[in-house]
Every structure is written in structure tokens, then in C-alpha cells.
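Notes follow once the structure below has been shown.
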Protein chains: 2
Amino acid sequence: MGTVSKALSLLTHFNHGRLEIGLSDLTRLSGLNKATVYRLMGELQEQGFVEQIEAARSYRLGPQVLRLAALREASVPILSASRRVLRELSEVTGETTHLSLLQGDQLASLSHAYAPQHATKVMMEDAEVLTFHGTASGLAVLGFAEAGFVEAVLARPLEARTPQTQTDPEVVRAQITEVQRAGIAQSVGGFEAEVHSHAVPIFGPDRAVLGALAVAAPSSRMSAAQRRAIPQALHAAGLALTQRIGGVCPPDFPTVPAA
Amino acid sequence: MGTVSKALSLLTHFNHGRLEIGLSDLTRLSGLNKATVYRLMGELQEQGFVEQIEAARSYRLGPQVLRLAALREASVPILSASRRVLRELSEVTGETTHLSLLQGDQLASLSHAYAPQHATKVMMEDAEVLTFHGTASGLAVLGFAEAGFVEAVLARPLEARTPQTQTDPEVVRAQITEVQRAGIAQSVGGFEAEVHSHAVPIFGPDRAVLGALAVAAPSSRMSAAQRRAIPQALHAAGLALTQRIGGVCPPDFPTVPAA
DNA sequence: ACCAATGGTTCAAATAATGAACCAATCGGG
DNA sequence: CCCGATTGGTTCATTATTTGAACCATTGGT
């Protein structure tokens, strides 16, 4: 791994539960030498990618990433395109919806919308990293990703976030086959207990899968009517979003929502 | 300059006018060796910071920056805090408003709001890099930045974006002194012709200047009434935003809007 | 058919990254 | 109030990576 990759991989350790990281923690998390981490963080800081909090001397992400994100949106306005789709999908389904995007070998939830109807709803945070095997979004992506990518994901140990999480690669493989047939993925409590999620893949201009659009509902509200309504609305919303960003579905993507 | 800094500095060449850059262009822009740029971009691509467009083989910013930006906002929610302030300021002044943030040695406009009142308005793009000497925002920042920073900025050649741009360092220095006295900066046509801008600095928890809040109006609409109303509204909005993000004004910041 | 430009690749030479050990300061018990 | 443990930060000889001139294959324009 090159020096640049090492530096950038340090940034992957930031997440919602760890917005600030000290030098020692980062050294442990990365497995790199302390002096190396120190110097790399110094360079990241010079370029504005991280900044150091005076008091604790711990690091947090810097302002430079805001500019880059704004330019990324100018290049590929997928987040702004998603907002309307998410809002409408939340209204129609009465549940929380979110968009997750593939970032290398990670899947991160980056935009969401809540439904006004219910007092209880599934809460979301942007930039949360999702597991592939334990979320509907992850399965939707795997169903239409390259075979090599799927193998790489399943070769890693599959973490169990809840007692319901499927951690057997063979079971996950069967789920993926079902996703390919139906064009839609499901997960019941695989990431958060009591959450029933549906998801469909989103495709780019080169027919490659970019991420997934998902509806997350409390299991208790999953009536027979919802089980029919959500896949239908989700399928349509997925096609709409893919189209809005100039994407094209691959030939093997089902054109009608299957049961 | 370390390898990491070189790689990250490649990203600074992306902007609204150059959302995609080919290998040769990037080599020229950066002044680095072609093989170096090629390898560095390869590493940036591996980490999802850039991606390559299949057809043209040129590079654009990658999806990874979106995740980092979302986390930065979770750490320091300055953009979300600014939106309400900008909206209200646009309503009160009837003109376009925007927030720019300091990113190392660059000042980038990152959030804006339009007023509904007028058919003609100053248009803004997020992530545009502003000059320090030719914009009200830049002058507002310089007025309350460290002396060393001001010297570094004025030591560089001052580009003239319009015939009205002040490029004499001594004149700019005098403008900065005036900004310190009044607590508000002005620029008439220094960045775009026919645009009259006012700006106030925004401060962080450590009393350091983070960026500037600005009102940009067509020169033709700058009546005597507006010349009084804008500084007053802007001063109040700046204090409000500084406060909302937990910032503190330095002791030498004027507490009342001066003429 | 040509020339100039593009993206991509090679390999010896030059340079930068590395990591074990060390320092000073701080923290939290007992 | 002292002690051990932990923190951020620094050093420098060794090591491994980066570098860049030159080269190749394609593409596009004239």
C-alpha cells in the first residue's frame, strides 16, 4: 500500500460514533506506527482534510472536504436528485427512506427522508456505513455487482449486528440469487432489530450499480398491504432515480416488481 | 512537500470550470511529473476520492468525499446552521447572500440563498474559490486573520478579475485597516463587474476567523437606503451565525455596525 | 499518411517514509 | 502526593518508495 493510500485510509476511521480521534487511538485503529500516523495526519491537516482540536489535541475532519463534496455534486448531482425521490417515496410508503452509495468497498447511507405520518419511525444518520450482508441495501447492491466484488465481500468475516443477522456466506449467496430474480432485496432485523427493510439497486450511465434506494419500517407495521405496496413504490422510485442521473439498468434487471 | 500533500494538492485543481481533468492537463496544472501524477491519481482512485470516466479517461471527484463531508457536518454543522441565517438575510436585504469558509489558504463559497424579490440577482455557485483582495468576503477574513496570514496572501501576485480589482498590496492593506475599524468589508466590482458586495467575518470557538457571510447585490440597486440597511442586517446575521456555531468574536471586533 | 497529442509504462537513481526508542506532560488512582 | 501508565510529540539510521526521463501504443486532427 502506498503512502497516499495509508494517509487516506486513516480518514476511513472517522464515523458517527467517532467524530474525533486522538493520535494513540488512530495508531491502534490503523495498525500503523505512531510516528507514521503523526506525520500523515500532519500532512492531511496542512491540506485542510483534518483539523486538530486545540484542547484535546484530537483530530476531526476538516473544511476542505466540504468544497470537494460540493464539486462532486456539481459533477454527479446524485444527492440533490435523490432528495425529491426520497421525499415522495417516504410520503407514499409512510416510512423512512434512504439512499446509500458505494464508495470503493464500503456502502454508506448518504441521504434520507422521513415520513410525516407516524410518531415512531426508523431514524437514520447520513454517512453511516452499512454492512452488505445484513442490510437490504447491501444485498440489493451485491445482487447486481460484479462477481469478483461479491466474492471479495463474502470472503471477509460477516459480522452479526443483531441475533437475526445472516452470517453464513452460503445463505447470503442464496439471498443474492433471490435478489437477482426479484430485482428487490429485503432484510428483517439484519442491521437493527425490529427493522424491516426493502431496497432496490441504482445504476449509473455504464450500467454499473452505484448504490441502493431503501425503505426502512418497524417490523410491527409490516402489514400484508405494506408488503405489496412498498416493493411496488420502491421499484418505481428506483427506476426514476436511475433515470434522473442518466443511469441505465443492466439487461438482467427485472422490469416488473416481482413478489 | 510530502507525497501525501502532493496527492491531495492535485484535488485543488478541480473547480466549477474544471470538473473533469485529464492526465496531461493535471500534469501541466500541478507541475509534477506525468508518471507521478498517474500513480498518485491511481491511489486517489483506489480510495474513492476520484474516479475515472471510462470514455474520456479523465478524472473527476469520487463518491468518498460525500461521506467525509457528511461527517464533517456532523462534527461542525456550520453549513446547516448557515442555511436559515442565509435565507433570512436574503429576505431582509432582498439580495443574494452567501457563506464562504477558509480552507487552508483558500476561501471557498459553500452555501448561498437567493431573494425572491427581484428578477435580476447575483448568481452563485457553491465551491467557487474567491480571491482575498477582490471580494468583500476575502477582505472581511483578512481584517481579522493572523498578521502572518495576511502577509502571505499579499505576498502572492494579486490577480485582477475585473478592471475594478485593486491589485496594489498597499491599497489592500489600507482597505483591511478600514475593515478592522468598521467590522464590515465592501467590494465594488472587484470579482464580478457590476456587483457590490458587503461581508462580515464569522468566528470559531477559539476566536479565529472561519470565513465570511456576504450580501451581493447588483451595483444598480445600491440605493442610499440599501447602503444603510445591508451593513446593519449583515452585522446582526454574522453575530447570529457566529453564536449558533459556538463561536466567539475577538475583543477587537466592533460591537456596533459602523458606517 | 502524417504529426502532435493523449494515456500509460519502465527502471536506475534519488529521495522520502519508516519505526524503535526516547522525551515531556498529563492523568488517575492508592 | 507520589507513582505508573498513557498521552502527544520527536529523533535518526535504515529501508523502501517515489521519482522522472525516456519510451510505447492509440487517438484525433489536417
Side-chain angles (χ1 to χ4, degrees), chain A residues 1-15 17-62 71 75-76 104 148 204-206 208, chain B residues 1-15 17-62 75-76 104 146 148 204-206 208:
Chain A
M1 188 161 54
T3 313
V4 175
S5 296
K6 278 179 204 158
L8 296 180
S9 71
L10 288 176
L11 299 179
T12 64
H13 296 106
F14 288 91
N15 58 46
R18 252 199 307 266
L19 291 174
E20 299 177 4
I21 314 182
L23 178 59
S24 296
D25 280 343
L26 203 46
T27 301
R28 273 187 293 272
L29 286 167
S30 64
L32 299 172
N33 183 281
K34 183 162 60 121
T36 303
V37 173
Y38 179 68
R39 205 168 25 76
L40 294 179
M41 289 307 280
E43 286 201 72
L44 289 172
Q45 184 170 20
E46 266 178 37
Q47 303 295 319
F49 281 71
V50 300
E51 61 184 16
Q52 214 168 359
I53 293 124
E54 319 75 59
R57 291 203 277 197
S58 57
Y59 300 91
R60 69 175 169 216
L61 291 166
L71 288 172
S75 287
V76 186
D206 54 352
Chain B
M1 187 161 55
T3 314
V4 175
S5 296
K6 278 179 204 157
L8 296 180
S9 72
L10 288 177
L11 299 178
T12 64
H13 296 105
F14 288 92
N15 58 46
R18 252 200 304 267
L19 290 174
E20 300 177 4
I21 313 183
L23 178 59
S24 296
D25 280 342
L26 203 46
T27 301
R28 272 187 293 273
L29 286 167
S30 64
L32 299 173
N33 182 280
K34 184 162 60 121
T36 303
V37 174
Y38 180 69
R39 203 170 28 75
L40 294 179
M41 289 308 279
E43 285 202 73
L44 288 173
Q45 185 170 20
E46 266 178 38
Q47 302 295 319
F49 281 72
V50 300
E51 61 185 16
Q52 214 168 358
I53 293 125
E54 318 74 60
R57 290 204 276 196
S58 57
Y59 298 92
R60 68 176 170 215
L61 290 166
S75 287
V76 186
E146 292 175 34
D206 54 352

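Within every chain, numbering begins at 1; the chains are lettered A, B, ... in the order of the sequence lines, protein sequences first and strands thereafter.
Mapping A:I21 and B:L40 onto DNA chain D by nearest heavy atom places A:I21 closer to the 5' end of the strand. Along DNA chain C, the nucleotide closest to B:G2 and the one closest to B:S58 are compared, and the more 5′ of them pairs with B:S58.
B:N33 has its CG atom 10 Å from the C1' atom of D:dA22, to the nearest Å. A:Q52 has its CD atom 15 Å from the P atom of D:dT7, to the nearest Å. Computed from coordinates, the A:L23 CG to C:dA25 P distance equals 18 Å when rounded to whole Å. In this entry the distance linking CG of B:D25 with C1' of C:dG8 reads 16 Å, nearest Å. One can place CG of B:L26 at 18 Å from P of C:dA5, the figure rounded to the nearest angstrom. Distance CD (B:E43) to P (C:dA17): 12 Å, rounded to an integer number of Å. Distance A:E20 CD to D:dG8 C1': 16 Å, rounded to the nearest Å. As rounded to whole Å, 8 Å separates atom C1' of C:dG7 from atom OH of B:Y59.
Between B:Y38 and C:dT9 there is a side-chain polar atom (N or O) within less than 4.0 angstrom of OP1 or OP2. Between B:R28 and C:dT6 there is a side-chain N or O to OP1 or OP2 distance below 4.0 Å. The shortest distance between the side-chain N/O atoms of B:R39 and the OP1/OP2 oxygens of D:dT19 is below 4.0 Å. For C:dA16, the OP1/OP2 oxygens have no side-chain nitrogen or oxygen of A:T3 closer than 4.0 Å. Between A:K6 and C:dT18 there is a side-chain N or O to OP1 or OP2 distance below 4.0 Å.
At distances below 3.5 Å, at least one donor-acceptor pair connects side-chain atoms of A:T27 with backbone N or O atoms of A:L23. Without hydrogens or angle criteria, A:Q52 side chain to A:S58 main chain gives no donor-acceptor distance under 3.5 Å.
Here the side chain of B:T36 is nearest to one of C:dG8, D:dG20, D:dG9, namely D:dG20. The B:K34 side chain lies nearest to C:dG7 when the options are C:dA17, C:dA20, C:dG7.
Separation of atoms CD (B:E46) and OG (A:S5) is listed at 4.5 Å; rounding is to 0.5 Å. To the nearest 0.5 Å, atom CD of residue B:E51 and atom OH of residue B:Y59 are 12.0 Å apart.
Considering B:D25, B:L32, B:L26 in turn, B:D25 is the only one that fulfils the side-chain contact (heavy atoms from CB on, under 4.5 Å) rule with B:R28.
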